[in-house]
Amino acid sequence: MAGIATLKDNVRLYIGESAVLTKTDKIGNISSIGDIGGEAEEIDTTTIDSMAKEFENGFEDNGSLEITQNITDDEYTKMDAWKKAGTMLYWGLSTHNKSGTQIFGLKGQGVVKSAKLTGISVGGLLQCVASIRLSGAIATDFTEPSEA
């Protein structure tokens with residue numbers, strides 16, 4: 001069985017300042033989205049009676065969401081403004097199959113920690129690389145906003 005290929009517009013990322021995301025919150029010109037998910041901290045529960053190291057899982061740290069966008073308009077300006085303001089953002093990611101049906105969605109919140117322009121060279125492509133530090137849990141119940 002084949003996996004989900006990242007074809008034109010079958011992975012969509014929405015970012016906005018409201019928990020209710022709309023079609024206008026769709027982020028465009030994305031060339032890559034970094035890993036999503038995290039790792040639980042380790043709480044040492046070893047005692048003097050333990051035969052070996054013992055631990056429990058602690059809080060989940062979901063790290064950061066890295067987004068690379070091709071610059072065509074105000075992509076850098078928007079991410080940089082959110083960073084400077086320290087705005088808590090809400091994000092949602094939807095993934096679709098070839099027929100356009102949503103397969104799964106993720107959602108969460110975070111703050112832009114960095115917004116950088118990639119190196120500029122003759123004949124090169126100017127891109128914005130933004131890092132959103134995720135806060136709280138990532139949920140799996142994001143449904144893409146409708147047209148209405």
Side-chain angles (χ1 to χ4, degrees), residues 1-45 53 55-148:
M1 178 179 218
I4 297 174
T6 52
L7 304 170
K8 179 174 175 41
D9 206 33
N10 71 348
V11 176
R12 301 173 194 149
L13 179 65
Y14 299 84
I15 299 176
E17 296 180 27
S18 168
V20 178
L21 296 168
T22 66
K23 284 283 187 187
T24 60
D25 293 322
K26 182 175 180 235
I27 301 297
N29 303 313
I30 295 175
S31 62
S32 71
I33 299 172
D35 296 344
I36 300 173
E39 183 176 312
E41 67 181 340
E42 187 176 294
I43 300 171
D44 188 342
T45 58
K53 201 81 159 140
F55 71 93
E56 295 283 332
N57 277 342
F59 289 112
E60 183 87 6
D61 182 351
N62 288 308
S64 295
L65 175 62
E66 304 288 332
I67 304 163
T68 303
Q69 297 172 269
N70 297 337
I71 298 291
T72 61
D73 191 18
D74 68 345
E75 291 85 0
Y76 171 79
T77 304
K78 190 174 197 178
M79 290 294 180
D80 189 54
W82 280 335
K83 178 189 76 165
K84 288 176 179 169
T87 306
M88 181 59 72
L89 299 173
Y90 298 87
W91 61 271
L93 179 88
S94 63
T95 304
H96 304 259
N97 62 18
K98 287 189 235 180
S99 65
T101 304
Q102 183 173 333
I103 302 298
F104 71 89
L106 300 173
K107 68 180 180 181
Q109 59 188 39
V111 176
V112 176
K113 295 301 281 184
S114 69
K116 301 176 184 175
L117 293 174
T118 58
I120 301 168
S121 63
V122 174
L125 183 62
L126 185 58
Q127 295 180 312
C128 172
V129 179
S131 177
I132 299 175
R133 179 65 169 109
L134 302 181
S135 178
I138 294 175
T140 58
D141 61 345
F142 177 72
T143 302
E144 185 171 15
S146 63
E147 293 295 332

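Position 1 is the first residue of the sequence, and the numbers go up from there.
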Between the side chains of E144 and Y14, is a donor N or O closer than 3.5 angstrom to an acceptor N or O? yes
Contact between V20 and Y90 at the side-chain level, heavy atoms closer than 4.5 Å - yes or no? no
Within the 4.5 Å heavy-atom criterion, are L126 and I120 side-chain neighbours or not? yes
Could you walk me through whether I132 and V111 pass side chain to side chain contact (heavy atoms under 4.5 Å, CB included), step by step? CA-CA 5 Å; I132 299 175; V111 176; 5.9 Å; no
Any donor-acceptor pair under 3.5 Å linking the side chain of S131 with the backbone of S114? no
If you apply the rule side chain to side chain contact (heavy atoms under 4.5 Å, CB included), what do you find for V11 with L93, and how did you get there? CA-CA 7 Å; V11 176; L93 179 88; 3.8 Å; yes
Is any side-chain heavy atom of L13 closer than 4.5 Å to a side-chain heavy atom of W91? yes
Heavy-atom donor-acceptor pair, N62 side chain to G136 backbone, under 3.5 Å: yes
As a quick check of understanding, evaluate side chain to side chain contact (heavy atoms under 4.5 Å, CB included) for D61 and E41, giving each step before the final call. CA-CA 7 Å; D61 182 351; E41 67 181 340; over 6 Å; no
All heavy atoms of A40 vs all of E60, minimum pair found to be N-OE1, 3.7 Å
Just how far is it from atom CE of M79 to atom NZ of K116, taken to the nearest 0.5 Å? 14.5 Å
Pairwise distance CD(E42) to CG(N57) - rounded to 0.5 angstrom: 8.0 Å
Any chance you could lay out the side chain to side chain contact (heavy atoms under 4.5 Å, CB included) test for Q127 and S31, step after step, and finish with the verdict? CA-CA 9 Å; Q127 295 180 312; S31 62; 3.2 Å; yes
Taking all atoms of both residues into account, what is the closest heavy-atom pair of K113 and K83, and its distance? O-CD, 3.6 Å
Matching residue for I15 among L65, D25, L89, L21 - test: side-chain contact (heavy atoms from CB on, under 4.5 Å): L89
Any donor-acceptor pair under 3.5 Å linking the side chain of Q69 with the backbone of A130? no
CD/E75 to CD1/I30 distance, rounded to the nearest 0.5 angstrom? 9.5 Å
Quick check for you: to the nearest 0.5 Å, what is the distance between T95 atom OG1 and N97 atom CG? 10.5 Å
Heavy-atom nearest pair, I71 first then C128, reads CD1-CB, 3.5 Å
Heavy-atom check, side chain of K53 versus side chain of D44, under 4.5 Å: yes
Between the CZ atom in F59 and the CD atom in E39, the distance rounded to the nearest 0.5 Å is 15.5 Å
So N10 and K98, do their side chains get closer than 4.5 Å, heavy atoms only? no
Taking only residues two or more places apart in sequence or in another chain, which ones pass salt bridge (charged side-chain N to carboxylate O under 4.0 Å, His left out) with D74? none
Please answer whether the main-chain N or O of V112 pairs with a side-chain N or O of R133 as donor and acceptor at a distance below 3.5 Å. no
